[in-house]
Amino acid sequence: MVVCLQVQIHRISLGTSFWPGEQLQHSSFSGSAKHEKHRNLSLVCVSNMREFDQTALVSAGKYLQNASTISEAISLVKKHLHQGSTIDSYMYVDVLQRCFKHKDLTSVKQVHDCILKSGMDQNPYVANKLMRVYIRCGKVQDARHVFDKLVKKNVFNWTTMIGGYAEHGRPADAIEVYNQMRQEGGRPNEVTYLSILKACACPVGLKWGKEIHAHISHGGFRSDVPVQTALVNMYAKSGSIKDARLVFDEMAERNVITWNVMIGGLAQHGFGQEAFSLFLQMQEEGFVPDSTTYLSILTATACSSAGALGWVKEVHRHAVKAGFDSDMRVCNALVHVYSKSGSVDDARLVFEGMLDRDVISWSAMIGGLAQNGCGHEAFSLFLKMQREGVIPNVTTYVSILTASASAGALEWVKQVHNHARKAGLGSDFRVCNALVHMYAKSGSIDDARLVFDQMSVRNVFTWNAMIGGLAQHGCGQEAFSLFLRMRREGVVPDAITYMSILNASASTGALGWVKEVHRQAVQAGLDSDVRVGNALVHMYCKTGSISDARLMFDGMVERDVITWTAMISGLAQNECGQEAFSLFLQMQREGFIPVATTYASILNVCTSTGLAMVEEI
DNA sequence: TTAGGGTTAG
């Protein structure tokens, strides 16, 4: 006790600037006579320790060391508060940090209460700590309350509040605080800019991000590498990869993080080849890729495009050479992207070579197998992971339940469902969505419906899975009534819903309500979606209304090979061989490569109209 | 004393 008191005394004698609330509440010390203060305090210390206990400054950590639990620490704080002793900022911060360590929000509230009683809520340092703790516990509103009550805010307080909103994906609130800061004459520093740019790193943040870019340029942060890197990141994440590249190219100085941000941005926008070029360039310029570089470039978006496998293998070779083949996260990413780029064998090789595997490794491999037509192997691995003591999570279940349909799948899907039930995930919304989808896909529309009916919460995916399943099973009427019920329940259909319901319509051949769905799709502004358009062309052909199909086809802004094939098949089946054939030629003139179904349709035309056309093919 | 740019599984 004496030791820590002396520390405090020393601080006073050196004239350390104290926040008013930290000064002795019951002492007569003030102003000038430092030596007198020291002498008086020393006298108190020596002559009457008991009396001093009640009035002296309580030094933070050392005093609280005696408290082994949070409640003991809080009791001590309360005791001192009750006795009228002043509790300094260190002590509050110490006890707040203990609360945070144990994620004990109830205790935080109690400390907050003491802080209010002692008036320390106006201490920017204490207030900042309190805000941070609230933010880290997910209580941004409580942090905001502390912030709003703070009369004199410093740059830390502003930045913490902005950063809190950034962490919780609330760009509009972050901007509001940032603007308020500027209006009140606060001067953002580099950390403030990092925080606000993080908040704006999302599609809705772009318009604000651009404004902040201007502030940064005028504020003298043009050569600040972290701030400029944050700008690159903001543009990349908000969808403006061109602006990201512009900022990146203009930077006079960069570090590994800058390169990672730019590479990751390009990869996430599907520019895999460009990301790979930059990956090579950074090394030419003497930068050594770290694990984040590999994680950034190995994203599914970049790696699942045509021709990606070549450079993915090249990146893999670099990773091995640099020793990252023992980095679990890098290997997990490799398993994932190899599966996505269609090389499940490479994925398997990486997976089997891994020394350590976590739930992500297993889920990535299981998902990769499931989606590449190896459902049974995926299921075996799902059982194996559990034998090895790794517990499947929601993603594992969703991964395995998005398998491609294969013979005998229903049997293992039921077993997976059982496992999910036992794991307490049987009614998880995401798992249920995947179950509805998978049951329908593997042939049991009844099981799909059972899961669907038992769900308490449904979203558009749930409805789509069920409607699509019914449509595929030829239950057009049921699909259509479910579509109507979905609308009655206020769920807004998306392109997939219209696509599914149109497939169901085609199977029933009822032109009347097909036209009604078309009308609704137009109303929803989804008739320009290529998938909906394709379904409409297909459906009009099926119902025999070739003129409606052609009208739809001609009006489509975007067409793909499915559009052309649907129209050609429709014409062929409706005895319009000549028109089908000319469209077949036009399709190729426009650069579309016919697929097997296209050829099948056109060959049908040829057999019925004579062999002359075959030679032209 | 406090605020802090990038990162893997559906």
Side-chain angles (χ1 to χ4, degrees), chain A residues 16-17 19 22 60-61 88-90 92-94 96-97 123-133 135 153-164 166-167 188-198 201 224-234 236-237 254-265 267-268 289-300 324 327-337 339-340 347 351 357-368 370-371 392-403 430-431 433-434 437-438 461:
Chain A
T16 313
S17 165
W19 181 256
E22 289 183 39
D88 74 357
S89 57
Y90 293 86
Y92 278 123
V93 168
D94 184 61
L96 279 171
Q97 266 160 351
N123 177 317
Y125 171 55
V126 172
N128 214 54
K129 262 291 160 198
L130 191 55
M131 285 164 65
R132 273 305 297 158
V133 171
I135 288 164
K153 300 171 176 74
N154 65 17
V155 69
F156 291 95
N157 307 126
W158 290 106
T159 306
T160 299
M161 199 63 247
I162 293 166
E167 261 179 62
N189 63 18
E190 66 275 23
V191 185
T192 319
Y193 285 123
L194 296 181
S195 304
I196 193 64
L197 286 172
K198 189 180 181 178
D224 187 298
V225 179
V227 170
Q228 293 298 313
T229 303
L231 262 174
V232 175
N233 183 52
M234 180 275 294
K237 294 260 168 66
R254 302 179 189 119
N255 60 22
V256 176
I257 299 179
T258 320
W259 286 93
N260 290 351
V261 166
M262 196 61 242
I263 289 171
Q268 269 151 24
D290 61 11
S291 64
T292 309
T293 319
Y294 289 98
L295 294 176
S296 303
I297 195 166
L298 296 171
T299 72
F324 285 110
D327 185 308
M328 189 164 63
R329 294 190 311 163
V330 172
C331 288
N332 288 351
L334 280 165
V335 170
H336 184 224
V337 299
S339 302
K340 281 281 172 191
F351 180 78
R357 301 183 190 112
D358 63 3
V359 67
I360 299 179
S361 332
W362 289 94
S363 303
M365 193 64 241
I366 289 168
Q371 280 139 51
N393 63 17
V394 169
T395 307
T396 322
Y397 284 102
V398 175
S399 301
I400 195 166
L401 292 170
T402 37
R430 295 155 294 178
V431 173
N433 272 356
H437 182 77
M438 197 60 210
F461 297 108

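In what follows, chains carry the letters A, B, and so on, assigned in the order in which the sequence lines appear, proteins first and then strands, with residues in each chain numbered from 1. We use all heavy atoms of the structure for the numbers below, so side chains are in, but hydrogens, waters and symmetry mates are not.
At a threshold of 4.0 angstrom between heavy atoms, the contacts of V191(A) include nucleobase atoms, whether or not backbone atoms are also involved. If you check every strand for non-hydrogen atoms under 4.0 Å, V227(A) touches nothing. If you check every strand for non-hydrogen atoms under 4.0 Å, Q371(A) touches sugar and phosphate atoms only. Across all strands shown, K237(A) has heavy atoms under 4.0 Å from sugar-phosphate atoms exclusively, and none from any base.
Side chain of N154(A), nearest nucleotide from dT2(B), dG10(B), dG6(B): dT2(B). Taking the side chain of N332(A) as heavy atoms from C-beta on, and the options dG4(B), dG10(B), dT8(B), the nearest nucleotide is dT8(B). In this structure, of dG5(B), dT7(B), dT2(B), it is dT7(B) that holds the atom nearest to the side chain of L295(A). In the set dT7(B), dA3(B), dG10(B), dT7(B) carries the atom at the smallest distance from any side-chain atom of T292(A). Closest to the side chain of T395(A), from the set dA3(B), dG6(B), dA9(B), is dA9(B). Listed nucleotides dT1(B), dA3(B), dT8(B) differ in distance to Y90(A); the shortest reach to its side chain belongs to dT1(B). Nearest nucleotide to the side chain of A364(A), out of dA9(B), dG6(B), dT8(B): dA9(B). Across dA9(B), dG10(B), dG4(B), the shortest atom-to-atom separation from the side chain of L194(A) is found for dG4(B). The listed nucleotides are dG4(B), dG5(B), dA9(B); the one nearest the side chain of E167(A) is dG4(B). Considering only side-chain atoms of S296(A), the nucleotide from dA3(B), dT7(B), dG5(B) that sits closest is dT7(B).
Taking only side-chain nitrogens and oxygens, K129(A) never comes nearer than 4.0 Å to OP1 or OP2 of dT2(B). Taking side-chain N and O atoms only, R132(A) has a distance below 4.0 Å to OP1 or OP2 of dG4(B). Close to dG6(B), at under 4.0 Å from its OP1 or OP2, lies a side-chain N or O of N233(A). OP1 or OP2 of dG10(B) has at least one side-chain nitrogen or oxygen of H336(A) nearer than 4.0 Å.
Taking atom CG on L197(A) and atom P on dG6(B), their separation rounds to 10 Å, with Å as the unit. Remark: C1' of dA9(B) and CZ of R357(A) are 15 Å apart, rounded to the nearest angstrom. Atom OH of Y397(A) and atom P of dG10(B) are 17 Å apart (whole Å). Residue W259(A) contributes atom CH2, which lies 18 Å from atom C1' of dT7(B) at whole-angstrom precision. Rounded to whole Å, atom C1' of dA9(B) lies 6 Å from atom CD1 of I360(A). Distance, F324(A) CZ to dT8(B) P: 15 Å, rounded to whole Å. Note: NZ (K153(A)) to P (dT2(B)) measures 21 Å, nearest angstrom. Atom pair M438(A):CE and dG10(B):C1' shows a separation of 13 Å (rounding to whole Å applied).
Between the side chain of N393(A) and the base of dA9(B) there is at least one donor-acceptor pair of N/O atoms closer than 3.5 Å. Counting atom types as modelled, N189(A) pairs a side-chain N or O with a base atom of dA3(B) as donor and acceptor under 3.5 Å.
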- request: Dump the intermediate steps for side chain to side chain contact (heavy atoms under 4.5 Å, CB included) on V398(A) and T395(A), then the final yes or no.
  value: CA-CA 5 Å; V398(A) 175; T395(A) 307; 5.6 Å; no

query: Do T293(A) and W259(A) pass the side chain to side chain contact (heavy atoms under 4.5 Å, CB included) test, and can you show the C-alpha distance, the side-chain angles, and the key distance before you say yes or no?
result: CA-CA 8 Å; T293(A) 319; W259(A) 286 93; over 6 Å; no

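For the residue pair D358(A) / S361(A), a side-chain donor-acceptor distance below 3.5 Å is found, with atom types taken as modelled.
Other residues, nucleotides and ligands contribute more than 12 heavy atoms inside 6.0 Å of the CZ atom of R254(A).
The stacking criteria are not both satisfied for Y125(A) over the base of dT2(B), which would need a centre-to-centre distance under 5.5 angstrom and an angle between ring planes under 30 degrees.
Every residue two or more places apart in sequence or in another chain that forms a ring-ring contact (aromatic ring centres under 6.0 Å, His included) with F324(A) is listed here: Y294(A). Here F351(A) pairs with W362(A) under the ring-ring contact (aromatic ring centres under 6.0 Å, His included) rule; sequence neighbours left out.
Under a 3.5 Å cut-off, the side chain of N157(A) and the backbone N or O of P124(A) do form a donor-acceptor pair.
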